[in-house]
Amino acid sequence: MDTATIRKYFESGDLMKFYKSREWMKLRLVALRRDNYECQMCKDEGRYHKAENVHHVKEVKDRPDLALDIDNLLCLCIKCHNLVHKRERIKREPKFWIEEKW
Ligand SMILES: [Zn+2]
Ligand SMILES: [Zn+2]
């Protein structure tokens, strides 16, 4: 799958097609094996949790060219994964978050 295809999926709201592709399924297994099926954020904090998700460090929408790059993948548990994305959103739209809070 090439970058243009991934970008097209994203733009048409069809990114699930990417996540269901054989290429992604295969690569996510490689990432899981590399990280010993362990959440890397929990590990950094000295805890153990099984990895449940494979996260794109540089988001697919920003860097579709890195969507299938093993070095851009990080195995996380669901909790850490949600946390990472929440942080990303705050970084991206600080104003939005402040407004919503008030
Ligand atoms: Zn975790
Ligand atoms: Zn993610």
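Order of appearance sets the numbers: ligands from 1, and atoms from 1 within every ligand.
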Angle at the Zn ion (ligand 1) between SG of Cys77 and SG of Cys42, to 10°? 120°
Examine all N, O or S atoms of His49, backbone included, and report whether one is under 2.8 Å from the Zn ion (ligand 1). no
Qualifying ring-ring contact (aromatic ring centres under 6.0 Å, His included) pairs, either residue in residues 26-45, two or more places apart: none
Contacts of type ring pair (Phe, Tyr, Trp, His ring centres under 6.0 Å), residue His81, not counting sequence neighbours: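 In terms of ring pair (Phe, Tyr, Trp, His ring centres under 6.0 Å), with neighbours along the sequence ignored, His81 is linked to His55, His85.
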Every N, O or S from the protein that is nearer than 2.8 Å to the Zn ion (ligand 2):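 Counting only protein N, O or S atoms under 2.8 Å from the Zn ion (ligand 2), the list reads His55 ND1, His81 NE2, His85 NE2.
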Listed pairs under 3.5 Å, donor-acceptor, residues 44-51 side chains, sequence neighbours left out:
{"from": "Glu45", "atom 1": "OE1", "to": "Arg47", "atom 2": "NH2", "distance (Å)": "2.4"}

Pairwise distance [atom1]([X]) to [atom2]([Y]) - rounded to 0.5 angstrom:
X	Y	atom1	atom2	result
Glu52	Ile78	CD	CD1	4.0 Å
Leu27	Arg34	CG	CZ	9.0 Å
Trp24	Tyr19	CH2	OH	6.0 Å

Close side-chain approach of Leu76 and Val84, heavy atoms under 4.5 Å: yes
